[in-house]
Amino acid sequence: MLHLLRRRGRTAALALSAIAALAFGVTAPAGAVAAPASAPEKRGPVSVAYVEVNDHSMLNVGKYTLANGGGNAFDVAVIFAANINYNTDTKTAYLHFNPNVQRVLDNVATEVRPLQRKGIKVVLSVLGNHQGAGFANFPSQQAASAFAKQLSDTVTEYGLDGIDFDDEYAKYGTNGTGGPNSSSFVHLVTALRTNLPDKIISLYNIGPSASRLSYGGVDVSSKFDYAWNPYYGTWQAPRIALPKSKLSPAAVEIGRTSQSTSAGLARRTVREGYGVYLTYNLDGTDRSAEVSAFTRELYGSDAVYTP
């Protein structure tokens, strides 16, 4: 049976980050990122790994390399997930981290930088939290821009590589919030791209925001680096005006999607010329057999797991 529903964790509370000192004893600014090592070259689609940090370590993403050439099996690691929460007193949305997301951010020197030094990009996913606040119901452009600033400030402070939008579990209308409107997400993405011109902005193609990408003559589709299918074990190209090189119609959940399905979706990705392959829920178990099922099709190589 195809696994169409996701088991997604919740998130929460803002924290300070401790970053390792630079050479010569100079303390690095909070968002400083060491230059990545030159990763072995590989050809093929960008591979993405979401990690439920409530249960698993981000470092698992860096434990897989290709047997042929030694390149990283995964190119993008997604911290799943921060939340968009709602303050009922001020009637504003705010960015919230749960203790496990906070732990990752507090320890970017050991949880994130090792991946970045290998050439793996690390982005923060942001998810609704049943409080009425979502990406599609900011009441004004000013409110959307204020939340975009919280996102970009977080990326800068912790030295992350971007933001992923996942418009689920918002429960629009709760706590007196409004329903989805046409302008909100366009204002949010526009402001975030202005703040982060060279960072990743990705779209988990689900929820009201995914169908509200155009307003007032502005279409924000081109402001995304990637968009992907949200239903694991299936093939579904996101309906967004991006080239195939930035889309993942394939989506698999590691540990639940069969190896034959993963391989078939990877073959189709290559055959039809798409540039991204999405995976979810990479854990700390040796999943080299499951990862190899799609890396053989994407890159012509098995994956090697190094604890």
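- Between Val122 and Ile79, the closest side-chain pair of non-hydrogen atoms falls below 4.5 Å.
- Between Leu95 and Phe147, some side-chain heavy-atom pair lies under the 4.5 Å cut-off.
- Looking at Leu115 and Phe74, their side chains never come closer than 4.5 Å, going by heavy atoms from C-beta outward.
- Nearest heavy atom pair, residue Ala77 against residue Met58, reads CB-CE, 3.7 Å.
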Go through the steps to decide whether Thr174 and Tyr86 satisfy the test side-chain hydrogen bond (donor to acceptor under 3.5 Å, both in side chains), and finish with yes or no.
CA-CA 10 Å; Thr174 300; Tyr86 189 69; over 6 Å; no

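- Within a 6.0 Å sphere centred on NZ of Lys63, other residues, nucleotides and ligands contribute more than 12 heavy atoms.
- For the atom pair Asn100 CG and His56 NE2, the distance stands at 11.0 Å (nearest 0.5 Å).
- Val186 and Ser214 make their closest contact through CG2-N, 3.6 Å (heavy atoms, listed as atom of the first residue, atom of the second, distance).
- Not a single donor-acceptor pair under 3.5 Å links the side chain of Asp161 to the backbone N or O of Val123.
- Dense packing is recorded around CZ of Arg103, with more than 12 heavy atoms of other residues, nucleotides or ligands lying under 6.0 Å away.
- A heavy-atom distance below 4.5 Å is found between the side chains of Phe294 and Thr279.
- For Arg271, the CZ atom is densely surrounded, since the number of other residues' heavy atoms within 6.0 Å is greater than 12.
- In this structure, His96 and Tyr94 have perpendicular ring planes: the angle between them is above 60°, well past the 30° mark.
- Here Asp302 pairs with Arg296 in a salt bridge; the nearest charged N to carboxylate O distance falls below 4.0 Å.
- Residues Tyr204 and Trp228 form a side-chain contact, since some pair of their non-hydrogen atoms from C-beta on lies under 4.5 Å apart.
- A distance-only check finds a donor-acceptor pair linking the side chain of Asn60 to the backbone of Ser57 [under 3.5 Å].
- Enclosure of atom NZ in Lys244 by more than 12 non-hydrogen atoms of other residues, nucleotides or ligands within 6.0 angstrom is indicated.
- With a 4.5 Å cut-off on side-chain heavy atoms, Tyr64 and Leu282 count as touching.
- Lys223 contributes atom NZ, which lies 10.5 Å from atom CG of Leu192 (distance to the nearest 0.5 angstrom).
- For the residue pair Asn175 / Thr177, no side-chain donor-acceptor distance below 3.5 Å is found, with atom types taken as modelled.
- Counting heavy atoms from C-beta outward, Val220 and Leu213 have side chains that approach closer than 4.5 Å.
- Side-chain N or O atoms of Glu253 include none that pairs as donor or acceptor with a backbone N or O of Gly233 at under 3.5 Å.
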For Asp219 and Ser221, what are the C-alpha separation, side-chain angles and deciding distance, and is it a side-chain hydrogen bond (donor to acceptor under 3.5 Å, both in side chains)?
CA-CA 6 Å; Asp219 189 318; Ser221 299; 2.6 Å; yes

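- Side chain of Thr285 to backbone of Arg287: no donor-acceptor contact under 3.5 angstrom is found.
- Looking only at distances, no side-chain donor or acceptor of Thr257 sits under 3.5 Å from a matching main-chain atom of Val252.
- Scanning all heavy atoms of the two residues, the minimum distance from Asn205 to Pro230 falls at O-CG, 3.4 Å.
- Note: Ile163 CD1 to Ser125 OG = 8.5 Å, rounded to the nearest 0.5 Å.
- The closest side-chain heavy-atom distance from Val101 to Leu124 is below 4.5 Å.
- Ring geometry for Tyr280 against Tyr232 counts as parallel: the plane angle stays under 30°, on a 0 to 90° scale with 60° as the upper cut.
- Taking both residues in full, the closest heavy atoms of Val155 and Gly162 are given as CG2-O, 3.9 Å, listed atom of the first, atom of the second, then distance.
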Check against side-chain hydrogen bond (donor to acceptor under 3.5 Å, both in side chains), Ser47 and Asp75
CA-CA 5 Å; Ser47 48; Asp75 302 292; 3.1 Å; yes

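- Contact record, Asp167 with Pro208: OD2-CD, 3.2 Å, taken as the closest heavy-atom pair.
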